[in-house]
Amino acid sequence: MELNITVLAGDGIGPEVTAQGVRLLKAVAERHGHAFTFNEKKVGGAAIRETGVPLPEDTLAACLESDAVLLGAVGSPEFDALPPERRPESGLLALRKALGGFANLRPAIAYPSIADSSPIKAEVLGKADILIVRELLGGLYFGQPRGIEEIDGKQSGFNTMRYSEDEIERVARVAFEAARTRRKFLASVDKANVLETSRLWRQVVGKLSSEYPDVTVEHHYVDSFAMHLVMNPQRFDVVVSENLFGDILSDEAAVITGSLGLLGSATIGGKIDLYEPVHGSAPDIAGTGKANPIGAIASAAMLLRHSANLEAEATAIEDAIRAVLDAGYRTEDIARGTYKQKCTTEEMGSLILEHFNASTALSAAQSA
């Protein structure tokens, strides 16, 4: 397998955690005889400092010419005074739009060994394993018109939530297909009692469900679903929602795992797939060694699964993550209750790498 990967380390803790994801990808290539090449480019605040823009042309060109993009994080308070179109986050939105990925996959897994890191009781968490499928190119984040205007001497801000039937159907189909590979249960989240876009959403998902008779579908209002997600997370399997609701719910799902730092994501469906941890740039802990690299490493595993069809290698990385957590190693964000050792960002990456290498060597010996 040959794979050309563009690496956008970005801002804050982005470079620290991305480096650990790249270490695992290089180990996969070495252990399994793949040829992965890595092309590092600037994005977000790092790009603004160097070029004055959050998404330089050469960065976008490199992404469009690659097989996959691995992103760290973007954003920094030092750029908050800039106009919206020049801030780091605008570069990320422009990148997502250019790559065309419309479905964002965000797994949230309750690891039993770190149940005490979650504010939810262990007996409620159980073995919760949820995949949130978030629509990524529509809704309030991209709808037009939008802006700030003056009315009667007062500032007024406005955004437009808009969805077409085709936009809804394509992301719902991704969710249905995912449900078929899991527990065959899909929860569709909307606000159909208030919003016209949500009424269309519910109508399209309901119609599409006839093509997937093996998948059970439930419709939920976003406000009540937010409550049920933390009260009974074991009940849910695949969740599909529009952009804003999906953004909020997937961050809420972090309480299931115990930390945002554990969550990876994949943005699929476009020209090039994009992989990034959910946690953001966290500039307050950048350079301290406190950042959790598991989200970035999990994102690297998703890259192997979705862009390279290397399921065995992806699963091996995920097994290594679980094994290291089971062994009692913790970064600062999940150091709760009883554990063996607190680790820095690099130390956690090394432990996962060591377990991956050991398990891969064992598998090779057993098959020889």
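Any value given below was found using the heavy atoms of this structure, including those in side chains, with hydrogens, waters and symmetry copies removed.
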(request) Answer yes or no: does atom CD of Q234 have more than 12 heavy-atom neighbours from other residues, nucleotides or ligands under 6.0 Å? (result) yes
(request) Answer yes or no: is there a donor N or O on one side and an acceptor on the other, between the side chain of S66 and the main chain of V69, under 3.5 Å? (result) no
(message) Any side-chain to backbone donor/acceptor pair from D11 onto G45? Under 3.5 Å, distance only.
(response) yes
(request) Answer yes if L136 and L64 sit in the same cluster of Ile, Leu, Val, Met, Phe, Trp and Tyr residues linked by side chain heavy atoms under 4.5 Å apart, and no otherwise. (result) no
(message) Run E218 and R235 through salt bridge (charged side-chain N to carboxylate O under 4.0 Å, His left out) and show every step you take.
(response) CA-CA 12 Å; E218 285 187 355; R235 181 173 180 271; 2.6 Å; yes
(request) State yes or no: do I321 and V22 share one hydrophobic cluster built from I, L, V, M, F, W and Y residues joined by side-chain heavy-atom distances below 4.5 Å, directly or via other members? (result) yes
(message) Which heavy atom of P277 sits nearest to which heavy atom of G295, and what is that distance?
(response) CB-C, 3.7 Å
(message) Pair N292, I13 - check side-chain contact (heavy atoms from CB on, under 4.5 Å), show working.
(response) CA-CA 9 Å; N292 191 335; I13 63 173; over 6 Å; no
(request) Please indicate whether E346 has more than 12 foreign heavy atoms, meaning atoms of other residues, nucleotides or ligands, lying under 6.0 Å from its CD. (result) no
(message) For Q144, is the CD atom crowded, meaning more than 12 foreign heavy atoms sit under 6.0 Å from it?
(response) yes
(message) Go through it in stages, so that I can follow the logic: the residues are N159 and Y141, the test is side-chain hydrogen bond (donor to acceptor under 3.5 Å, both in side chains), and I'd like the CA-CA distance, side-chain angles, deciding distance and then a yes or no.
(response) CA-CA 8 Å; N159 293 86; Y141 292 4; over 6 Å; no
(message) Angle between ring planes, F36 versus F38, binned at 30° and 60°: parallel, tilted or perpendicular?
(response) perpendicular
(message) For the CG atom of N232 and the CD1 atom of I120, what is their distance to the nearest 0.5 Å?
(response) 10.0 Å
Pairs of donor and acceptor atoms involving the side chains of residues 99-107, under 3.5 Å and at least two apart or interchain, shall be tabulated with distances.
unit_1 : atom_1 : unit_2 : atom_2 : d
N104   : OD1    : R106   : NE     : 2.6
N104   : ND2    : A266   : O      : 3.4
N104   : ND2    : T267   : OG1    : 3.0
R106   : NH1    : S250   : OG     : 2.7

(request) Check whether the side chains of S350 and R23 place a donor and an acceptor atom closer than 3.5 Å, and report yes or no. (result) yes
(message) Would the distance check show the side chain of T18 and the main-chain N or O of P15 forming a donor-acceptor pair, the cut-off being under 3.5 Å?
(response) no
(request) Decide if the gap between the ring center of H220 and the ring center of F236 is smaller than 6.0 angstrom. (result) yes
(message) Show, in sequence, the C-alpha distance, side-chain angles and deciding distance for E177 and Y212, and conclude whether the side-chain contact (heavy atoms from CB on, under 4.5 Å) test is met.
(response) CA-CA 9 Å; E177 293 291 344; Y212 298 87; 2.9 Å; yes
(request) Please report the shortest heavy-atom distance between V74 and G44, naming the atom on each side. (result) CG1-CA, 4.0 Å
(message) Would the distance check show the side chain of R134 and the main-chain N or O of N243 forming a donor-acceptor pair, the cut-off being under 3.5 Å?
(response) yes
(message) What verdict does the salt bridge (charged side-chain N to carboxylate O under 4.0 Å, His left out) test give for R173 and E211, after you've listed the backbone C-alpha separation in whole Å, the side-chain angles of each residue and the deciding distance to 0.1 Å?
(response) CA-CA 10 Å; R173 196 174 290 280; E211 297 184 27; 2.9 Å; yes
(message) How long is the straight-line distance from OG of S117 back to CZ of R336, given to the nearest 0.5 Å?
(response) 6.0 Å
(request) Please report the C-alpha distance between L8 and T59 in whole Å, then the side-chain angles of each, then the deciding distance to 0.1 Å, and finally whether the side-chain contact (heavy atoms from CB on, under 4.5 Å) criterion is met. (result) CA-CA 8 Å; L8 309 177; T59 295; 3.7 Å; yes
(message) Closer than 4.0 angstrom, basic N to acidic O: yes or no for R87 and D80?
(response) no
(request) Identify the heavy atoms of L70 and S299 that sit nearest to each other, and give their distance. (result) CD1-CB, 4.3 Å
(request) Indicate yes or no for a side-chain donor-acceptor contact from S118 to the backbone of A115 under 3.5 Å, with no hydrogens or angles considered. (result) no
(request) Could you tell me whether the side chains of Y275 and S307 share a donor-acceptor contact shorter than 3.5 Å? (result) yes
(message) With rounding to the nearest 0.5 angstrom, report the CG to OG1 distance, L186 to T216.
(response) 9.5 Å
(request) Compute whether any side-chain donor of one residue and acceptor of the other, for T315 and E311, lie under 3.5 angstrom apart. (result) yes
(message) Taking atom CD as the centre, does E57 end up with more than 12 heavy-atom neighbours from other residues, nucleotides or ligands that are less than 6.0 angstrom away?
(response) no
(request) Can you see which heavy atom on A172 is nearest to which on V240, and at what distance? (result) CA-CG2, 4.4 Å
(message) I'd like to know if I334 and L263 are part of one continuous hydrophobic network [Ile/Leu/Val/Met/Phe/Trp/Tyr, side-chain heavy atoms within less than 4.5 Å].
(response) no
(request) For atom CD1 of I148, decide whether the heavy atoms of other residues, nucleotides or ligands shown that lie under 6.0 angstrom number more than 12. (result) no
(request) Report the C-alpha separation of D333 and K290 in whole Å, then their side-chain angles, then the decisive distance to 0.1 Å, and conclude whether the salt bridge (charged side-chain N to carboxylate O under 4.0 Å, His left out) test is met. (result) CA-CA 8 Å; D333 55 318; K290 295 180 179 179; over 6 Å; no
(request) Taking all non-hydrogen atoms of both residues into account, name the closest pair between A291 and V17 and its distance. (result) CB-CG1, 3.9 Å
(request) Hey, could you give me the CD1/CZ distance between I317 and R305, rounded to the nearest 0.5 Å? (result) 9.5 Å
(message) Quick one, D237 and I130 - any side-chain contact, counting heavy atoms below 4.5 Å?
(response) no
(request) Nearest 0.5 Å please: distance from the CZ atom of F176 over to the CG atom of L208. (result) 5.0 Å
(message) Main chain of E276, side chain of S265: is a donor-acceptor contact present, judged purely on distance under 3.5 Å?
(response) yes
(request) In plain terms, say whether K41 and E50 are close enough for a salt bridge, that is, a side-chain N and a carboxylate O under 4.0 Å apart. (result) no
(request) For K191 and S198, work out which heavy atoms get closest and say how close. (result) N-OG, 2.8 Å
(request) Would you kindly confirm whether L325 and L24 end up in one hydrophobic cluster when ILVMFWY residues are joined by side chain heavy atoms under 4.5 Å apart? (result) yes
(request) Please determine, by modelled atom types, if Y111 and D326 share a side-chain donor-acceptor pair under 3.5 angstrom. (result) no
(message) Quick one about Y329 and E347 (side-chain donor to acceptor, distance below 3.5 Å, no hydrogens or angles considered), yes or no?
(response) no
(request) Sort out for me which residue in V28, T37, L303 forms a side chain to side chain contact (heavy atoms under 4.5 Å, CB included) with L3. (result) L303
(request) May I ask you to decide if G138's main-chain N or O and E135's side chain share a donor-acceptor pair within less than 3.5 Å? (result) yes
(request) May I ask you to say whether K42 pairs ionically with D58, meaning some side-chain N is under 4.0 Å from a carboxylate O? (result) no
(request) Would you give the length of the straight line joining atom CZ of R162 to atom CZ of F142, rounded to the nearest 0.5 angstrom? (result) 15.0 Å
(request) Please report the C-alpha distance between R202 and D190 in whole Å, then the side-chain angles of each, then the deciding distance to 0.1 Å, and finally whether the salt bridge (charged side-chain N to carboxylate O under 4.0 Å, His left out) criterion is met. (result) CA-CA 7 Å; R202 186 169 291 210; D190 58 45; 2.9 Å; yes
(message) For R183, is the CZ atom crowded, meaning more than 12 foreign heavy atoms sit under 6.0 Å from it?
(response) yes
(message) Between I294 and I352, is the side-chain contact (heavy atoms from CB on, under 4.5 Å) condition met? List the steps.
(response) CA-CA 9 Å; I294 290 179; I352 295 171; 3.9 Å; yes
(request) Treat each ILVMFWY residue as a node, draw an edge where side-chain heavy atoms are under 4.5 Å apart, and state whether V238 and V204 are in one component. (result) yes
(message) Looking at D214 and K184, is there a salt bridge between them, counting it only when a charged N and a carboxylate O are closer than 4.0 Å?
(response) no
